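All figures in this text were calculated on a predicted structure; none of them were measured in a lab. We use all heavy atoms of the structure for the numbers below, so side chains are in, but hydrogens, waters and symmetry mates are not. Labels below follow one simple rule: chain letters A, B, ... track the order of the sequence lines, proteins then strands, and each chain is numbered from 1.
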Amino acid sequence: MRNVYEVLKERGFIENITDEEAVITILKKPVVCYTGFDPTGDSLHVGHLLPLMALMHLEKAGHKPIALLGGGTAMIGDPSGKTEMRQMISSEEIERNKEAMKKIINRYLDIEGGKSLILDNAEWLLPLNYIDFLREIGCHFSVNRMLAAEAYKQRLERGLSFIEFNYQILQAFDFLTLYRSHGCLLQMGGNDQWGNILAGEDLIRRIEGKEAHAFTYPLLTTSDGKKMGKTEKGAVWLSAEKLSPYEYFQFWRNVEDDQVIKLLKIFTFLPMEEITAMEAWKDHELNKAKEILAFEATAITHGKEEARKALEATKAVFSGAGAGGDALPGTVVSRQEISAEKWDAASFLADQGFASSKSEAKRLIMQGGVSFNGEKVGDILMPVTEKNFDEKGECLIKVGKKKFYKVILQ
RNA sequence: GGAGGGGUGCCCGAGUGGUUAAAGGGGGCAGACUGUAAAUCUGUUGCCAAACGGCUACGAAGGUUCAAAUCCUUCUCCCUCCA
């Protein structure tokens, strides 16, 4: 069997590495490895997905990944690569975030079956005694060296508080702790974590005299250099409650041409041969590749069934065949409300949440960007009546070029 | 702790008493073109209102004035220099 490191490298997961030879060697036997996730938000988004995919590869290869929740480090806030100090989060909020994140991580990793672990660094960070900690751990850190690190450059210009300055030390201590308790030898993380990760590797060498290793993932950006994973509605969430599988599918369906292959390698488990075959595809053929990417990625996050539904709905709606299936986002309105002619077109869009305000809805309609069941809405005051619904009592609302919603009459 | 500079719309950034919902750029959105692409062009981009118009807004709170993003006071946050 191929070394999982080769697989990860080939698929574009590796940015930086401590020692390639050594990593390959330790991965020949089952290894405990970890990536940290700070519970600073109430859900995970595509930014977290790349590390999760890597952990899945490692799990499949028989290693033991640890998803480390940063219940303790989230109390501090990582300044790496950030320009502003992050707002302090309350412990109650961190608690809630952790629970939400655990649920999601469970979908990707086999926690119940024991193939992977979820741990929480609050367990060992919160009980720390300040003086003991300084004496045991703090003495191994050179402030001079920390200050020289690239990660702090920006913050040294703009201001860096002492609390954040400690983040790296705590993350290093995490690695040491996991090394001691689980024999963890490998840490992975986003490339912005490189400094923090090396600090941990260094600490293990100093205190335990052992070689630990690490590699980082590339930071995915769109071709104009922005962080990938934002839509007009905000982050691309991995939970169906925050972003429907259909919309998740659309996110992947709409990636840029020159990203498709790269994303297929990272965010699907399709064999490399299949993906490299797609490299020859161009122009409109790329749409097929995007569809495959969207389907596979949606299947991993929401399951095959949801992916199939999303694909079906997408095909129906973009071919003009109407609102197929029930995957489209949408709302339900009562017949009474419709027969009472409660809404004009503009207020309808705003009330159903298809436009962020009534002004926005009016603008969309006046610019010719809205249609009901394939018919362009020309008048913001047009009353919404049963005529706007088809025989099944459905109205497919198109907003702009590619946003579709379904309203059901009940 | 002392001295100085600053906080403007999603972001950058002009504006120093009325004609400023606030120039310009970026981004977003819509339309045309297309492949649910990129590039380009056009329009648009606080909220309410069909419209006339109204309301809210320039770090926060007060005040001066017929009139304040613009002047004054206090508070707050950030930056630079000194300690």
Side-chain angles (χ1 to χ4, degrees), chain A residues 79 82-88 153-161 164 221-236 246-264 278-295 297-298 310-324 327-329 341 343-351 353-371 374 376-384 396-405:
Chain A
K82 301 208 172 54
T83 49
E84 301 288 336
M85 177 166 173
R86 183 143 54 185
Q87 265 208 310
M88 290 269 216
K153 275 256 168 67
Q154 268 189 311
R155 294 300 303 272
L156 283 177
E157 280 161 27
R158 301 223 41 151
L160 175 68
S161 72
E164 291 177 286
T221 55
T222 56
S223 43
D224 49 347
K226 289 208 211 76
K227 250 190 191 168
M228 195 190 92
K230 296 275 177 197
T231 64
E232 71 277 0
K233 284 170 85 178
V236 179
Y246 170 83
E247 290 166 291
Y248 187 77
F249 183 100
Q250 287 304 310
F251 165 74
W252 294 104
R253 177 61 188 75
N254 281 296
V255 299
E256 295 169 312
D257 280 12
D258 48 11
Q259 306 268 322
V260 191
I261 298 297
K262 184 171 93 190
L263 298 177
L264 277 163
M278 290 184 218
E279 279 177 46
W281 298 4
K282 45 180 178 305
D283 301 330
H284 67 274
E285 287 173 320
L286 280 170
N287 285 337
K288 185 68 193 159
K290 289 183 192 178
E291 204 169 277
I292 293 170
L293 169 66
F295 179 84
T298 306
L311 176 64
E312 228 167 66
T314 296
K315 282 189 164 160
V317 117
F318 281 95
S319 67
L328 286 183
E341 294 197 9
W343 291 290
D344 57 62
S347 49
F348 190 67
L349 289 182
D351 279 1
F354 307 150
S356 58
S357 68
K358 203 171 161 191
S359 298
E360 168 76 11
K362 287 180 193 168
R363 211 175 293 131
L364 283 164
I365 294 171
M366 287 193 283
Q367 290 179 131
V370 178
S371 67
K376 189 159 273 188
V377 178
D379 179 7
I380 55 175
L381 289 177
M382 182 193 85
V384 178
L396 175 67
I397 295 180
K398 183 179 182 188
V399 177
K401 248 175 291 218
K402 34 180 139 169
K403 287 191 289 281
F404 291 92
Y405 304 99

Determine which nucleotide pairs with [N], using a 3.5 Å limit on both distances of a Watson-Crick or G-U wobble pair.
| N | result |
| --- | --- |
| B:U40 | B:A32 |
| B:G24 | B:C12 |
| B:A3 | B:U80 |
| B:A60 | B:U74 |
| B:U19 | none |
| B:C55 | B:G46 |

message: Go nucleotide by nucleotide along RNA chain B from the 5' end; which of A:Gly368 and A:Glu285 gets its closest nucleotide reached first?
response: A:Gly368
field: Which residue lies more 5' along RNA chain B, comparing A:Gly369 with A:Lys290 via nearest heavy atoms
entry: A:Gly369
- request: Would you classify A:Leu364 as touching base, sugar-phosphate or nothing, given that sugar-phosphate means primed atoms plus P, OP1 and OP2, and contacts are heavy atoms under 4.0 Å?
  value: sugar-phosphate
query: Can you list the steps and then say if A:Arg253 with A:Lys402 is a side-chain contact (heavy atoms from CB on, under 4.5 Å)?
result: CA-CA 11 Å; A:Arg253 177 61 188 75; A:Lys402 34 180 139 169; over 6 Å; no
query: Of the nucleotides B:U36, B:A30, B:G35, which has the atom closest to the A:Lys402 side chain?
result: B:U36
- prompt: In terms of side-chain heavy atoms of A:Lys401, which of B:U34, B:C29, B:U36 is nearest?
  reply: B:U34
For atom [atom1], what is the distance between [N] and [M], given to the nearest Å?
| N | M | atom1 | result |
| --- | --- | --- | --- |
| B:G9 | B:U70 | P | 14 Å |
| B:A67 | B:U76 | C1' | 28 Å |
| B:A21 | B:C55 | C1' | 11 Å |

message: One thing to verify: whether A:Asp257 and A:Lys290 come together as a salt bridge, which I'm taking to mean a side-chain N less than 4.0 angstrom from a carboxylate O.
response: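 A salt bridge links A:Lys290 with A:Asp257.
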query: Charged N to carboxylate O below 4.0 Å: is that the case for A:Glu291 and A:Lys288?
result: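 Salt bridge flag = yes for A:Lys288 with A:Glu291.
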- prompt: At their closest point, which heavy atom of A:Leu364 faces which heavy atom of A:Ala355, and how far apart are they?
  reply: CD1-CB, 4.2 Å
task: Return the set of residues passing side-chain hydrogen bond (donor to acceptor under 3.5 Å, both in side chains) with A:Glu312 (not counting sequence neighbours), or none when no residue passes.
output: A:Arg308
- line: Scoring nucleotides 44-51 of chain B by protein non-hydrogen atoms under 4.0 Å (B base, S sugar-phosphate only, - none) yields SS-SBBSS
message: Counting C-beta onward and ignoring hydrogens, is there a side-chain heavy-atom pair between A:Trp252 and A:Leu263 closer than 4.5 Å?
response: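 With C-beta onward as the side chain, the pair touches.
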query: So, A:Phe318 versus A:Phe404, ring centres under 6.0 angstrom or not?
result: yes
